[in-house]
Every structure is written in C-alpha cells, then in structure tokens.
Amino acid sequence: MLSLADHYPVPRFIPQLTNEEFRRLQPSSTCPTCLGKKTFLWDYDDNGPVDIPVRWQCDCIGQIILRNHLMRCGLSPLLFWRSVEELPVFEHGRQEINEYGAHAQEYIQASLGLILVGDKRSGKSTWATFIMKMLIAKQWDVQCMSLDSLAEAYTATWARKGKTDQSHQSDMDWFTRRVMGVPVLLIDNIGRNDQRNDLNTVQQAFTRVTSERVDAGRVTLMTYAGDEHDLAHVRTDHLQPTTITVTVRGRDLSAVNRQRMMNDRLADIRRPLRLI
C-alpha cells in the first residue's frame with residue numbers, strides 16, 4: 001500500500017498551534033483526510049493522477065498538523081487540497097499569473113503585490129491561495145481573509161461596552177500580528193461588499209490596512225471579480241505603484257467543481273492536504 005508520509009510528507013517546519021491558537025480556532029482532532037479510518041482512496045499513484053483510484057496509508061498526524069496550520073493562515077478549507085495538478089486553466093492571463101507564481105518570493109522581497117481581476121468563479125481565489133501555499137512551503141508566514149473578515153477583525157479592535165480588557169487586548173494583538181504584521185496578506189473578493197450597510201467602515205479598514213502595509217514594505221495580494229476599470233469604486237489607487245494587476249479570463253467553474261465533488265463522493269475518493 002502506498003504511504004502518504006513517504007510520497008507527500010508534511011514539511012517538518014510546519015508548526016503546531018499554540019494554546020492561544022487552539023482556543024481561537026478550536027480545530028477538530030479527527031484526521032481531515034481519512035476521517036480516522038487510517039486509509040483512503042485517491043485517484044493518484046506515486047507518479048500522479050490515475051483513472052482507477054488507489055488505496056493509500058494515511059499520515060493522520062501530518063494531515064492534522066497541516067490542516068491546523070492552513071486554518072491558522074486563514075486559507076479556505078475548500079482549497080486546502082488543491083495542488084499544482086488541480087489548478088484551473090485560464091483562457092487569458094495565464095502567462096502573467098504563472099510568472100508571478102513562479103517568482104513569487106522575488107516579487108514579495110521587492111514589495112510587489114498582486115491583484116487578480118476577472119470573471120466570476122473562474123479560479124482566481126484558487127490560484128491566489130495556491131500562491132500562498134507555495135510561500136508557506138518556502139517558510140513564509142501568510143494570512144488569507146475575505147474583505148468581510150478584514151472588516152470584522154478591524155472593528156474587533158474597537159473598545160466596546162461590555163467587552164473585557166483582556167478580550168479587547170487579545171483582538172488588538174491578533175490584528176496587529178496577523179493582519180498588519182504578517183509578511184504576506186491575501187484579501188479575497190475585494191469587490192463583494194458594496195451592499196453592506198457599513199460600507200464606509202469596510203473601506204476604512206481596507207484603506208488603513210493596505211496603506212500601512214505598503215508603507216511597511218509588506219505585500220498584499222487581492223482578488224476581484226469584475227473588470228479592471230471597476231476597481232475604482234474599491235479605491236485601490238494608493239496600491240498602483242506597488243501592485244501588479246493581472247486580468248484573467250476563464251469559464252465559470254461552479255458546475256465543474258460541483259460535479260467533481262459528487263464524483264468523489266460516489267467513488268469514496270478523499271483528497272489529502274498538500275502544499276504544492
């Protein structure tokens with residue numbers, strides 16, 4: 001039987017959660033891949049994708065550690081398993097995003113961020129998340145969040161009636177460490193929040209965070225569903241000197257992703273967590 005630990009080992013440098021992170025995230029103790037069964041079916045062998053699923057020996061501890069770290073970094077659980085073989089193909093913009101992805105470390109060291117602009121549900125978030133996973137594999141600390149989550153983290157730093165000093169300080173510390181201070185931040189779907197009642201607060205949070213990160217030389221990656229000229233209403237002008245904008249075009253992958261999930265369920269296929 002093929003061993004996940006032998007062929008796709010979790011890097012030793014991936015840290016376990018601190019006690020504070022356990023309290024904040026409350027992760028499950030169950031293996032996210034085999035669900036405690038110790039083995040799983042996967043349409044991969046030791047050379048890559050195959051037509052007939054193969055049974056693998058699970059690396060439960062490694063999968064739990066990696067899952068917890070990806071949770072800590074804010075990645076979407078729906079994208080935890082995506083690796084280079086499962087990335088969507090863009091009809092336009094593929095060369096540019098491949099270039100940034102291949103040299104992400106150099107771009108980030110030069111303080112150059114990235115905005116992926118384009119068609120809805122075409123894979124922008126999948127690609128942006130994969131770039132973050134590549135950086136994790138190179139031992140970078142990253143944080144991913146939606147604009148809603150960013151606004152909530154921002155307003156959580158405000159003193160409120162009934163909020164204890166300890167809770168307020170904890171929220172302040174997390175915001176400073178994981179939003180303002182993390183070397184690479186991904187803000188996903190920055191254009192989805194124009195219907196919120198507190199739109200001014202959302203924009204205030206976005207502008208403050210991105211401006212201070214630019215001033216500190218820290219990189220921010222973003223995704224935006226729409227045309228590049230529509231970015232004006234999100235107010236990203238202050239980011240233009242330090243951000244590469246890539247317009248991508250691709251088909252709506254909603255039906256494809258839904259069908260894959262149904263096929264996996266019918267075939268009892270489980271997809272393990274991998275960085276790249």
Side-chain angles (χ1 to χ4, degrees), residues 20-21 23-25 70-79 108 111-118 120 124-125 127-129 131-132 135 140-246:
E20 178 187 352
E21 289 166 343
R23 286 193 295 271
R24 180 180 286 272
L25 297 172
L70 296 180
M71 286 178 62
R72 171 188 179 270
C73 294
L75 276 67
S76 168
L78 295 176
L79 302 176
I108 289 166
S111 300
L112 286 172
L114 175 71
I115 302 180
L116 294 181
V117 180
K120 294 181 179 179
K124 298 180 301 300
S125 297
W127 266 98
T129 300
I131 290 174
M132 301 297 266
L135 291 168
W140 284 78
D141 192 10
V142 306
Q143 183 68 41
C144 310
M145 56 195 351
S146 66
L147 190 53
D148 282 324
S149 298
L150 177 69
E152 289 164 7
Y154 175 68
T155 56
T157 65
W158 299 352
R160 299 179 186 275
K161 185 177 180 180
K163 189 174 185 179
T164 66
D165 291 342
Q166 182 179 0
S167 176
H168 181 226
Q169 188 61 51
S170 176
D171 288 335
M172 288 280 291
D173 291 345
W174 190 89
F175 182 80
T176 299
R177 184 174 67 255
R178 301 302 307 163
V179 180
M180 303 303 296
V182 73
V184 187
L185 175 70
L186 167 63
I187 309 175
D188 201 17
N189 293 313
I190 62 174
R192 278 193 182 175
N193 309 80
D194 55 359
Q195 301 301 317
R196 286 180 54 139
N197 293 329
D198 58 346
L199 186 59
N200 288 337
T201 299
V202 174
Q203 185 63 54
Q204 180 185 356
F206 177 77
T207 302
R208 179 198 163 184
V209 168
T210 54
S211 296
E212 291 191 19
R213 288 182 60 82
V214 166
D215 291 343
R218 299 188 181 100
V219 166
T220 305
L221 279 63
M222 289 157 278
T223 68
Y224 175 77
D227 293 325
E228 184 175 346
H229 67 268
D230 293 334
L231 274 172
H233 83 272
V234 188
R235 303 177 197 169
T236 59
D237 291 351
H238 62 293
L239 300 173
Q240 289 182 1
T242 58
T243 305
I244 299 169
T245 300
V246 176

Taking the side chain as everything from C-beta on, heavy atoms only, tell me whether [X] gets closer than 4.5 Å to [Y].
X	Y	value
Arg213	Val182	yes
Leu186	Val142	no
Ile131	Leu221	yes
Asn189	Ser146	no
Ser125	Thr223	yes

Partner residues of Gln240 under the side chain to side chain contact (heavy atoms under 4.5 Å, CB included) criterion, sequence neighbours left out: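 Result, side chain to side chain contact (heavy atoms under 4.5 Å, CB included) vs Gln240: Asp237.
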Where is the tightest heavy-atom contact between [X] and [Y], given as atom of each residue plus distance?
X	Y	value
Ala205	Ala151	CB-CA, 4.1 Å
Ser111	Gly217	OG-O, 3.0 Å
Thr210	His238	OG1-NE2, 2.7 Å
Ala153	Met145	CB-CE, 4.4 Å
Asp171	Arg24	OD1-NH2, 4.0 Å

Measure the [atom1]-[atom2] distance between [X] and [Y] for me, rounded to the nearest 0.5 Å.
X	Y	atom1	atom2	value
Met132	Trp140	CE	CH2	11.0 Å
Ile190	Met222	CD1	CE	5.5 Å
Arg178	Cys144	CZ	SG	9.5 Å
Leu147	Glu152	CG	CD	10.0 Å
Ile115	Ile244	CD1	CD1	10.5 Å
Thr129	Asp188	OG1	CG	6.0 Å

Give every residue pair that meets the ring pair (Phe, Tyr, Trp, His ring centres under 6.0 Å) criterion with at least one member in residues 159-183, sequence neighbours excluded.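 Counting only pairs at least two positions apart or across chains, no ring pair (Phe, Tyr, Trp, His ring centres under 6.0 Å) contact touches residues 159-183.
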Among Arg72, Arg177, Arg218, find the one that has a salt bridge (charged side-chain N to carboxylate O under 4.0 Å, His left out) with Asp141.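 Among Arg72, Arg177, Arg218, the one that satisfies the salt bridge (charged side-chain N to carboxylate O under 4.0 Å, His left out) with Asp141 is Arg72.
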Are the side chain of Thr157 and the backbone of Tyr154 linked by a donor-acceptor contact shorter than 3.5 Å?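 Yes.
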Of Thr201, Thr207, Asn200, which is the lone residue that meets side-chain contact (heavy atoms from CB on, under 4.5 Å) with Gln203?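 The residue from Thr201, Thr207, Asn200 that satisfies side-chain contact (heavy atoms from CB on, under 4.5 Å) with Gln203 turns out to be Thr207.
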Quick one, Leu239 with Thr220, criterion side chain to side chain contact (heavy atoms under 4.5 Å, CB included). Give me CA distance, side-chain angles, the key distance, then yes/no. CA-CA 9 Å; Leu239 300 173; Thr220 305; 5.9 Å; no
Stepwise side chain to side chain contact (heavy atoms under 4.5 Å, CB included) check, Thr236 with Phe206: CA-CA 9 Å; Thr236 59; Phe206 177 77; 4.0 Å; yes
